[in-house]
Amino acid sequence: MSIPKNPDIRVRFAPSPTGYLHVGGLRTALFNYLFARKNNGSFILRIEDTDRKRYIPGAQEDLLKTIKEVGLDYDEGPIIGGDYGPYIQSERSDLYRKYAQELIDKGAAYYCFCPEERLEKLRNEAKENNTAVMYDGKCRNLSLEEVQEKLARNIPHVVRLKIPQEGSTVFYDVVRERVEVDNALVDDQVIMKSDGFPTYHLANVVDDHLMKISHVIRGEEWLISVPKHIFMYESLGWKVPKFVHLPLLLNPDKTKLSKRQGDVAVEDYLAKGYLPEALINFIALLGWHSSDDREFYTLEELIKAFSLKRISKSGAVFDVEKLNWMNGSYLRNLDLEYVAERAKPYFEKAGLDILDHKKYLKVVDNARNRSATIPEMIAHSEMFYNDLAFSAEYKDIVSKENAQKLFEFWIEHLSSHESWSEDEIKDMVKETTVVIGVKGKELYSPLRLALFGEVHGPDIPTLIDILGTKEAIARLKSVLNA
RNA sequence: GGCCCCAUCGUCUAACGGCUAGGACUCAGGAUUUUCAUUCCUGCAAUAGGGGUUCGAUUCCCCUUGGGGUCACCA
């Protein structure tokens with residue numbers, strides 16, 4: 001029933017479960033997803049939890065939940081499994097140990113027994129000299145005997161990459177094109193920690209190879225570590241995947257998007273009432289753009305239009321203003337029932353009795369025209385459910401003689417039948433002008449105040465339509481002789 | 001600071017080496033509306049600077065400047 005996947009296109013999103021899904025992470029996930037779907041490839045989810053110090057219980061579950069909520073379904077990964085599992089790195093320790101040993105055997109890596117204090121000293125010296133912090137290679141050429149002896153004595157150790165000291169590494173990134181790094185400037189990166197867990201670099205390369213990843217699509221912060229990865233691929237005799245380094249998402253001050261300068265957690269945006277559709281659409285346009293002026297895309301349309309070739313090189317500021325605009329637009333254009341369904345929890349939390357579904361839909365339809373996010377809709381809706389409270393100024397307007405006469409007139413007329421069309425209400429307005437002799441602001445202000453509690457707001461036919469004739473009359477009566 | 005990456009309106013961005021540098025957000029003004037909101041229209045606003053190459057550079061090359069990333073037994 002389903003078409004077989006193209007084995008040449010396999011990409012992964014590999015988050016670290018350290019708390020929440022970062023919007024930058026969502027963008028990375030999205031681009032991976034789009035590329036996979038566009039090419040009938042596989043989108044794999046892998047959990048990179050090799051840092052036990054940063055382990056946060058429940059973070060992994062939250063991550064999966066959020067990814068599901070925004071509609072990015074994966075083909076292989078935790079829970080659903082796949083042919084290349086397990087998809088959680090902490091369950092793959094044997095693999096990393098095996099390949100670390102292989103790198104050592106091949107002379108591409110070595111045991112390092114330097115204590116933390118020594119490295120600390122090295123770091124401080126480098127800082128003082130204003131140079132890059134690099135391991136000085138003390139353990140690089142330990143003899144086999146020395147290594148055996150230290151291992152036998154259980155001296156804590158790590159495994160480091162034995163990066164060549166001459167030459168340079170050249171690679172081609174799909175976005176950056178040619179990048180060249182001098183090998184002498186590449187550090188002897190730790191690949192196995194003293195706790196027996198691998199670092200990102202080893203785990204990532206091993207898994208990407210074993211999981212047959214074809215394109216490594218990730219944030220630009222990884223660009224500089226590519227030479228280390230290439231060194232491992234080549235030392236192990238493995239095929240190097242294609243690299244695609246995405247431009248960073250930025251704070252308004254152009255630094256890498258971070259907490260402190262606003263929300264960065266996808267779940268925060270979701271909780272604040274942004275629609276997944278809008279969030280996805282907005283984020284897709286950060287660092288990617290089609291050749292035309294189009295800005296609105298469903299996920300399906302994004303898949304169709306997506307291309308790695310059109311990813312931009314420079315970082316993109318995450319502009320909440322534009323997100324607000326886009327979310328508001330989605331709010332207004334998505335199916336009303338759908339928006340109403342999404343808004344439900346917010347209305348319920350605000351204590352509004354929305355059991356009358358027909359009325360609720362009308363309320364939502366009115367509010368969505370005036371809001372950028374769902375929570376904002378509450379402020380435009382409360383008055384349709386709660387008793388109205390008037391300020392002294394408003395009381396004044398309502399109690400004016402003409403206003404009172406106007407109310408009496410409307411109560412009487414509205415009582416004549418159950419439902420009123422827009423035109424009929426408009427006719428009544430005209431009639432009011434003739435009979436009572438009020439018009440314009442003098443007519444609409446008290447009327448809207450009585451029905452809605454505010455001077456500004458929806459037009460009168462809409463108000464009466466939402467409220468229903470009965471409630472409209474009740475409200476008019478309550479301001480009579482008030 | 002070393003290394004790497006980047007550079008079009010304030011922001012997101014478009015422009016086979018060839019129109020008056022286009023669109024969107026924001027902001028300002030206007031139209032529609034009894035008001036508010038929506039919607040529509042108009043406007044403000046950019047090729048960082050300097051050298052080349054070329055008949056012609058936003059576009060290609062170099063330098064400068066600016067910004068960012070990275071420099072962990074974190075990812």
Side-chain angles (χ1 to χ4, degrees), chain A residues 14-18 25 48-54 89 112 114 116 119-120 123 126-135 156-160 173 175-177 179-182 184-187 189-201 203-204 218-227 245 247-248 250-256 282 285-296 310 312-326 328-329 332 366-371 380 429 433 439-445 447-448 452 454-460:
Chain A
S16 178
T18 51
E48 309 219 328
D49 59 345
T50 55
D51 185 2
R52 296 182 308 164
K53 292 193 287 293
R54 291 209 301 169
Q89 288 187 330
C112 173
C114 290
E116 190 62 47
L119 300 175
E120 185 71 43
R123 266 197 290 274
K127 224 171 221 170
E128 269 174 44
N129 297 332
N130 244 333
T131 56
V133 180
M134 280 183 75
Y135 180 62
H157 61 271
V158 299
V159 177
R160 286 180 184 276
D173 182 274
V175 175
R176 315 280 144 191
E177 295 173 51
V179 180
E180 177 168 5
V181 182
D182 201 341
L185 268 8
V186 179
D187 196 18
Q189 184 69 47
V190 171
I191 56 172
M192 283 294 258
K193 301 181 247 186
S194 55
D195 64 2
F197 276 80
T199 59
Y200 168 87
H201 306 278
N204 197 263
R218 68 223 315 181
E220 199 197 335
E221 68 264 32
W222 294 109
L223 185 67
I224 201 68
S225 51
V226 168
H245 286 90
L248 258 19
L250 273 23
N251 291 310
D253 73 354
K254 300 262 192 185
T255 52
K256 188 165 135 184
F282 175 70
L285 261 21
L286 260 24
W288 174 87
H289 204 278
S290 62
S291 58
D292 53 30
D293 290 333
R294 183 167 180 188
E295 290 202 296
F296 283 94
R310 296 199 61 87
S312 40
K313 290 178 163 70
S314 46
V317 173
F318 187 93
D319 180 13
V320 183
E321 289 281 353
K322 187 151 185 175
L323 206 214
N324 285 338
W325 162 77
M326 184 165 270
S329 183
R332 284 185 281 283
N366 169 69
R368 69 172 174 172
N369 270 306
R370 299 154 187 282
S371 310
H380 296 290
V429 168
T433 307
K439 59 178 182 181
K441 201 177 154 192
E442 223 189 326
L443 188 161
Y444 288 103
S445 282
L447 200 48
R448 184 172 293 108
F452 187 66
E454 297 285 340
V455 195
H456 300 299
D459 55 30
I460 305 302

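None of the values given here were measured: they were computed from a predicted structure. Reminder, nothing fancy here: chain letters follow the sequence lines and each chain counts from 1.
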Classify A:G328 by what it touches in the nucleic acid, base, sugar-phosphate, or nothing, heavy-atom distance under 4.0 Å. nothing

If we check side-chain contact (heavy atoms from CB on, under 4.5 Å) with A:V317, which of these qualifies: A:D253, A:N251, A:L286, A:L250? A:L250

Quote, to the nearest angstrom, the C1' distance that separates B:rC6 from B:rU13. 16 Å

Minimum heavy-atom distance between A:A132 and A:A126, given as atom pair plus value: O-CB, 3.9 Å

P gap between B:rA24 and B:rA72, integer Å: 46 Å

Check every strand shown and say whether A:T199 touches a base, only sugar-phosphate, or nothing at a heavy-atom separation below 4.0 Å. sugar-phosphate

Rounded to whole Å, the NZ-P distance (A:K322 to B:rU11) equals 13 Å

Sidechain-backbone polar pair: A:R218 side chain, A:E220 backbone, donor-acceptor under 3.5 Å: no

Scan A:R176 against the nucleic acid and name what it touches under 4.0 Å (heavy atoms): base, sugar-phosphate only, or nothing. sugar-phosphate

Any strand counts, and the cut-off is 3.5 Å on both contacts for Watson-Crick or G-U wobble. Which nucleotide pairs with B:rG18? B:rC55

Euclidean distance, atom CG of residue A:L185 to atom C1' of B:rG1 [Å, nearest integer]: 12 Å

Any base atoms under 4.0 Å from A:V179, or only sugar-phosphate, or nothing? Heavy atoms, all strands. sugar-phosphate

To the nearest angstrom, how far is A:H289 atom NE2 from B:rC12 atom P? 12 Å

For A:H245 and A:V226, run side chain to side chain contact (heavy atoms under 4.5 Å, CB included): C-alpha distance rounded to whole Å, both residues' side-chain angles, the deciding distance at 0.1 Å, then the answer. CA-CA 10 Å; A:H245 286 90; A:V226 168; 3.3 Å; yes

Can you check the A:M134 CE to B:rC3 P distance for me, whole Å? 13 Å

Interatomic spacing from CZ in A:F282 to CD in A:E295 - rounded to 0.5 Å: 10.0 Å

Distance, rounded to the nearest Å, where A:H245 contributes NE2 and B:rC5 contributes C1': 11 Å

If you look at every strand shown and take non-hydrogen atoms under 4.0 Å, does A:R160 touch a base, only sugar-phosphate, or nothing? sugar-phosphate

Pairwise C1' distance, B:rC16 and B:rA75 [rounded to whole Å]: 42 Å

Closest non-hydrogen contact found for A:L443 with A:V429 is CD1-O, 4.0 Å

Taking only the C1' atom of each, what is the distance from B:rG17 to B:rA45 in whole angstrom? 26 Å

Any salt bridge between A:R54 and A:D51, counting N to O under 4.0 Å? yes

Is it the case that the base of B:rA7 and the side chain of A:K313 share a donor-acceptor contact (distance under 3.5 Å, atom types as modelled)? no

Classify the nucleic acid contact of A:R52 as base, sugar-phosphate or nothing, counting any heavy atom under 4.0 Å across all strands shown. nothing

Would you kindly check whether a donor in the side chain of A:S314 faces an acceptor in the base of B:rC6, or vice versa, at under 3.5 angstrom? no

Gap in Å between the two P atoms, one belonging to B:rG51 and one to B:rU58, rounded: 14 Å

Strictly by Watson-Crick or wobble contacts shorter than 3.5 Å, is anything paired with B:rC71, and which nucleotide is it? B:rG1

Between B:rA72 atom C1' and A:K127 atom NZ, what is the distance in whole Å? 11 Å

Check whether any side-chain nitrogen or oxygen of A:S312 sits under 4.0 Å from OP1 or OP2 of B:rC12, and answer yes or no. no

Along RNA chain B (nearest heavy atom to each residue), the more 5'-positioned of A:A132 and A:Q89: A:A132

What integer number of Å spans the C1' atoms of B:rA46 and B:rU26? 15 Å

Test item: A:H289 and A:S312 side chains (from C-beta on) under 4.5 Å apart, heavy atoms: no

When you compare the side chain of A:V158 with that of A:M192, does any pair of heavy atoms fall below 4.5 Å? no

Quick check against the 3.5 Å criterion: does A:R448 have a side-chain atom that pairs as donor or acceptor with the backbone of A:E454? no

Contacts of A:N129 and A:D293 projected onto RNA chain B by closest heavy atom; the upstream (5') one is A:N129

Counting just side-chain N and O atoms, does A:R294 come under 4.0 Å of either OP1 or OP2 of B:rC12? no

Shortest non-hydrogen contact from A:P247 to A:G287? CG-CA, 4.2 Å

Once you apply the 3.5 Å cut-off to both distances, tell me the Watson-Crick or G-U wobble partner of B:rA31, or none. B:rU39

Show, in sequence, the C-alpha distance, side-chain angles and deciding distance for A:V190 and A:Y135, and conclude whether the side chain to side chain contact (heavy atoms under 4.5 Å, CB included) test is met. CA-CA 10 Å; A:V190 171; A:Y135 180 62; over 6 Å; no

Classify the nucleic acid contact of A:S291 as base, sugar-phosphate or nothing, counting any heavy atom under 4.0 Å across all strands shown. sugar-phosphate

Under 3.5 Å, which N/O atoms of the protein pair with N/O atoms of nucleotides 63-68 of chain B?
none

Who does B:rG66 pair with, Watson-Crick or G-U, both distances under 3.5 Å? B:rC6

Nucleotide of B:rG69, B:rC73, B:rA75 approaching A:V190 most closely (side-chain heavy atoms): B:rC73

Pairwise C1' distance for B:rG2 and B:rC61, with rounding to whole Å: 26 Å

Can you check each nucleotide of nucleotides 27-49 of chain B against protein heavy atoms at under 4.0 Å and return B for base, S for sugar-phosphate only, - for none, in 5' to 3' order? -------BBBSSS----------

What is the distance, rounded to the nearest whole Å, between atom CD of A:Q189 and atom C1' of B:rA75? 11 Å

Find out whether A:K193 and A:R52 are in side-chain contact, i.e. whether some heavy atom of one side chain is under 4.5 Å from a heavy atom of the other. no

Using the P atom in both, what is the distance from B:rC19 to B:rU32, to the nearest Å? 39 Å

Pick base, sugar-phosphate or nothing for A:E116, based on heavy-atom distances below 4.0 Å to the nucleic acid. base

Whole-Å gap separating P (B:rC4) and CD (A:E177): 17 Å

